[in-house]
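Only this structure's heavy atoms are used, side chains among them; waters, hydrogens and symmetry mates stay out. We count ligands from 1, going down the list as the structure has it; atoms in each ligand are counted the same way.
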Amino acid sequence: MVDLVSQYQSMKTEVDRAIMNVVETAQFINGPEVQSFQKELEEYLGVKHVIPVANGTDALQIALMALDLKPGDEVITPSFTYIATTEVMALLGLKPVFVEVDSDTFCLKHGDIEAAITSKTKAIVPVHLYGQAAPMNEIMAIAEKHNLFVVEDNAQAIGCDYYHTDSKIAKTGTIGHIGCTSFFPSKNLGCYGDGGAMCTNDDALAAKIRMIANHGQSERYYHDVVGCNSRLDSIQAAVLRIKLRQLDVYNDRRRAVADKYDQFLSAFPEISTPVRAMNSKHVFHQYTVQLEGLNRDELQAHLASFEIPSMIYYPVPAHKQKMFSHFGSGSTNLPITDWLTERVISFPIHTEMEDAQQDFILEKIAQFVESKRK
Ligand SMILES: *Cc1c(COP(=O)(O)O)cnc(C)c1O
């Protein structure tokens, strides 16, 4: 699905030098690389505070911890997402309240949010799924009206531009009260291990987040709140600084691969190509299509027989996961979510995709579809 080896080869000298520099100076934790990366990411995103942490799941957890929610409080979120988005809610004793997604954009269906709000609702966690922005204008308006926090799960969409209705442009992750992202190797901005970050424009929230991520410490050995230990290490920061400079190029490259898929696949009514939302500049973390009457298992097996990977993100929606059975969410009526989990499939997309590789993938997809026509 990705080709991180070729990507590394393309910047080997620079990356090797940066990693060796960390090793030789032995500033593994909170060193100058972390400080610089933080500043550079703040500049790139146009946000006041970036707080790097150990991974994207920690970022989501710490963000929710910083909001002072009480056990039993409810958080509105999509079910059609990676498990980390909602797992941290349950871990903190919060109740995920699952809301439907839009069948075209795969992101929260804003029109369904208000019906899910109760007196216990405290926050909304939209997910910018596959690299496309959720409808933040509408979500922020609902949040303001009902006095709710918004924590963006931006793990799949770093670098995505969101166009506000007043034509102002903001990066996803900087629109809600807190934005969370992941630097897992295969993400659009990936490091060579685990990493993540939160961002916010709120000084008080930033201070709180920093404290929670560092054992709830206000000054050394004085611990004010129960926190955790979550930090980005210097080697990862050194790699991320180099890759951040390429992020826009990477995202352009992903869009070019997506354009080529779109163009070719538009000739096949059996495959619905991704819809690009008006307010969002898609960064294509995944290229995910919907199959119209084709057997997904057979298509995957056909591709696999030519060593072409494909993935199902996600085969089981969160509301049907066993881990949430105590919430009784399995019976929640989410027909679009259920329908999507049965018909989505993601094809390889990455920054090093060569024309010949993609031609081969497209040829094999076409071969399968045509073999099913009578
Ligand atoms: C990857 C991802 C996460 C979690 O990030 P990790 O760094 O793997 O912990 C959370 N939410 C979404 C939508 C993701 O894709």
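- Residue, atom and distance of the protein heavy atom nearest to atom 1 (C) of ligand 1 are Lys187 NZ, 1.4 Å.
- Between Asp153 and ligand 1, at least one N/O pair is under 3.5 Å apart.
- Of the possible polar contacts, one joining the Arg296 side chain to the Val344 backbone as a donor-acceptor pair under 3.5 Å is found.
- Side chain of Gln321 to main chain of Val316: a donor-acceptor pair is present (N/O by atom type, distance under 3.5 Å, no hydrogens or angles).
- Protein heavy atom closest to atom 4 (C) of ligand 1, with residue, atom name and distance, is Thr57 OG1, 3.6 Å.
- Counting only distance, with no hydrogens or angles, the side chain of Lys208 and the backbone of Ala66 share a donor-acceptor pair below 3.5 Å.
- With Arg210 contributing its side chain and Leu205 its backbone, the two residues share no donor-acceptor pair below 3.5 Å.
- For ligand 1, the atoms lying closer than 4.0 Å to a non-hydrogen atom of Gly56 are 5 (O), 6 (P), 7 (O), 9 (O).
- Under the 3.5 Å distance criterion, the side-chain polar atoms of Ser6 are left unmatched by any main-chain donor or acceptor of Asp3.
- Between Phe368 and His302, a ring centre-to-centre spacing shorter than 6.0 Å is recorded.
- In terms of N/O distances under 3.5 Å, ligand 1 is not approached by Tyr314.
- At a 4.0 Å cut-off, not a single heavy atom of His285 sits close enough to ligand 1 to count as contact.
- Heavy atoms of Asn55 found under 4.0 angstrom from ligand 1 belong to the backbone as well as the side chain.
- Contact atoms of ligand 1 toward Ala155: 2 (C), 3 (C), 10 (C), 11 (N), 12 (C), 14 (C), 15 (O) (distance under 4.0 Å to a heavy atom of the residue).
- In this structure, the side chain of His177 engages the main chain of Val150 through a donor-acceptor pair within 3.5 Å.
- Here the shortest heavy-atom distance to atom 8 (O) of ligand 1, taken over Cys180, Ser182, Ala84, belongs to Ser182.
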